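Below, read A as the first sequence line, B as the second, and so on, with proteins coming before strands; counting in each chain starts at 1. The figures here come from the full heavy-atom set of this structure, side chains too, leaving out hydrogens, waters and symmetry mates. Bear in mind the structure is a predicted one, so any value in this text is a computation, not a measurement.
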2 protein chains.
Amino acid sequence: MLKLTKKADYGLIALKHLSLKAPEGSASAKEIAEAYRIPLPLLAKVLQKLARNGFLRSEHGTNGGYKLARDPRQINALEVIRSIDGPIILTSCFTDHGEPCDQTDHCNVREPLRKIHEGIQDLLASITIADMSEDNPDSRLYMIPTHSPARPTQGFRGEL
Amino acid sequence: MLKLTKKADYGLIALKHLSLKAPEGSASAKEIAEAYRIPLPLLAKVLQKLARNGFLRSEHGTNGGYKLARDPRQINALEVIRSIDGPIILTSCFTDHGEPCDQTDHCNVREPLRKIHEGIQDLLASITIADMSEDNPDSRLYMIPTHSPARPTQGFRGEL
DNA sequence: CTGAAATAGGACTCCTAAGGTCGTATATCG
DNA sequence: CGATATACGACCTTAGGAGTCCTATTTCAG
């Protein structure tokens, strides 16, 4: 249904939270979980995964927690989502690496879907954790495509 | 996991198939199902939904089938997907209509995610059934965003 | 040195929705 | 009348998302 998982959501929230404390600021899983009303054990898993994948550095023990391992301006949403949820698969025809599906020969939408797939990825890759500020004045994160903007059917927005 | 449902996939395939026969050409569900190895009863459901929503016109009986009810140049992917799967929900924070989630006050990624959400929708809305040709020379269906293209971390594509 | 607080991580449950099937009704043509 | 269509509701199965539980292990504070 083309939606993000909550885990990915939580991951982005946590990274954004940590970026506000950066550099060198840290926060525990508990602190973040309480701040955003996220179930602690679930968030912990997400943070552990982010740590394993090099986005965070963890510190055990009392006063431990997580801190960013990289510059928030160089962590983009695509990486984070992939790190947590695995590769993005728009349709089973192809993965991130463009592997063919079993019936490539008789499929008439493969190529256009691949373009959409890449478009979404480019979009996600263009947004960094640092960009994720409510008050970011540079709010045009994307460009409206330049050609053939099919006019939406009238009356559709109301029911869907 | 940010993927399209198979139903939406099937719907796009079917519409594309019919657009190749347009105008006035028709095809039965059986014909389409066999051409693309899609389970017939499932495809039938999808086609019925598309007919109910005004994309197709159906004809009963022998030599019956479906034909496009609208110009394929004015049917975009977003409409089709919404018609089949319901509204696109990137995250539960908001639907197509921007309804607020229950804990809007303490969420630091709402706004950027909304932008991504709209970006994806604009992308989908910009592609019509008619655009969906393998050999379409106008292959730049989207524009790379103009600012802060965070460089992807090296070595990531290999494992994800 | 003991206990509290933190991360690490495997195993498990619950539940929704995607994906698909079945059966039946209805319309149309030969 | 029967073959071939669409129409549609009810049902089944399964994968994966969402979350819990339990048990290490590390670190600091008293």
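- Not one side-chain nitrogen or oxygen of B:S28 sits closer than 4.0 Å to the OP1 or OP2 atom of D:dT4.
- Counting to the nearest Å, the P atom of D:dA7 and the CD atom of B:E59 are 10 Å from each other.
- The CG-C1' distance, from A:L2 to D:dG16, rounds to 17 Å in whole Å.
- Phosphate proximity of C:dG9 to A:R52: present, with a side-chain N or O under 4.0 Å from OP1 or OP2.
- Not one N or O on the side chain of B:R114 forms a donor-acceptor pair closer than 3.5 Å with the backbone of B:E118.
- Of all nucleotides listed (C:dG20, C:dA5, D:dG19), C:dG20 comes nearest to the side chain of B:K6.
- Residue A:Y10 places at least one side-chain N or O closer than 4.0 Å to OP1 or OP2 of D:dG19.
- Atom P of nucleotide C:dT26 and atom CD of B:Q48 are separated by 15 Å, given to the nearest angstrom.
- For the side chain to side chain contact (heavy atoms under 4.5 Å, CB included) with A:I88, the lone residue among A:I120, A:L124, A:L4 that qualifies is A:L124.
- Of the side-chain N and O atoms in A:S58, none sit less than 4.0 angstrom from OP1 or OP2 of C:dA6.
- Rounded to whole Å, atom C1' of C:dG20 lies 6 Å from atom CG of B:L42.
- Here B:R57 does not reach the OP1 or OP2 of D:dT6: none of its side-chain N or O atoms lies under 4.0 Å away.
- For the pair B:T5 and A:G61, both in contact range of DNA chain C, the more 5′-proximal nearest nucleotide belongs to A:G61.
- Taking every side-chain heavy atom of A:P39 into account, D:dG19 is the closest of C:dT7, C:dG20, D:dG19.
- As rounded to whole Å, 10 Å separates atom P of C:dA18 from atom CD1 of B:I89.
- Ranked by how close their nearest DNA chain D nucleotide is to the 5' end, A:L40 and A:T62 are led by A:L40.
- Place A:P41 and A:H60 on DNA chain D by their nearest nucleotides, and A:P41 ends up nearer the 5' end.
- Heavy atoms of B:A44 sit nowhere under 4.0 angstrom from any nucleic acid atom.
- To the nearest angstrom, C1' of D:dT6 lies 12 Å from CG of B:L43.
- Nucleic acid contact class of B:K45 (heavy atoms, under 4.0 Å, all strands): base.
- Taking atom CG of B:N63 as the reference point, atom P of D:dG2 lies 20 Å away to the nearest angstrom.
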Between A:L12 and A:K16, is the side chain to side chain contact (heavy atoms under 4.5 Å, CB included) condition met? List the steps. CA-CA 6 Å; A:L12 291 172; A:K16 179 58 190 170; over 6 Å; no
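- Atom NZ in A:K3 sits roughly 13 Å away from atom C1' in D:dG16 (whole-Å rounding).
- The 12-atom threshold is exceeded at NZ of B:K67, counting heavy atoms of other residues, nucleotides or ligands nearer than 6.0 Å.
- Of the possible donor and acceptor atoms, none in the side chain of B:K3 sits under 3.5 Å from a partner among the backbone N and O of A:I89.
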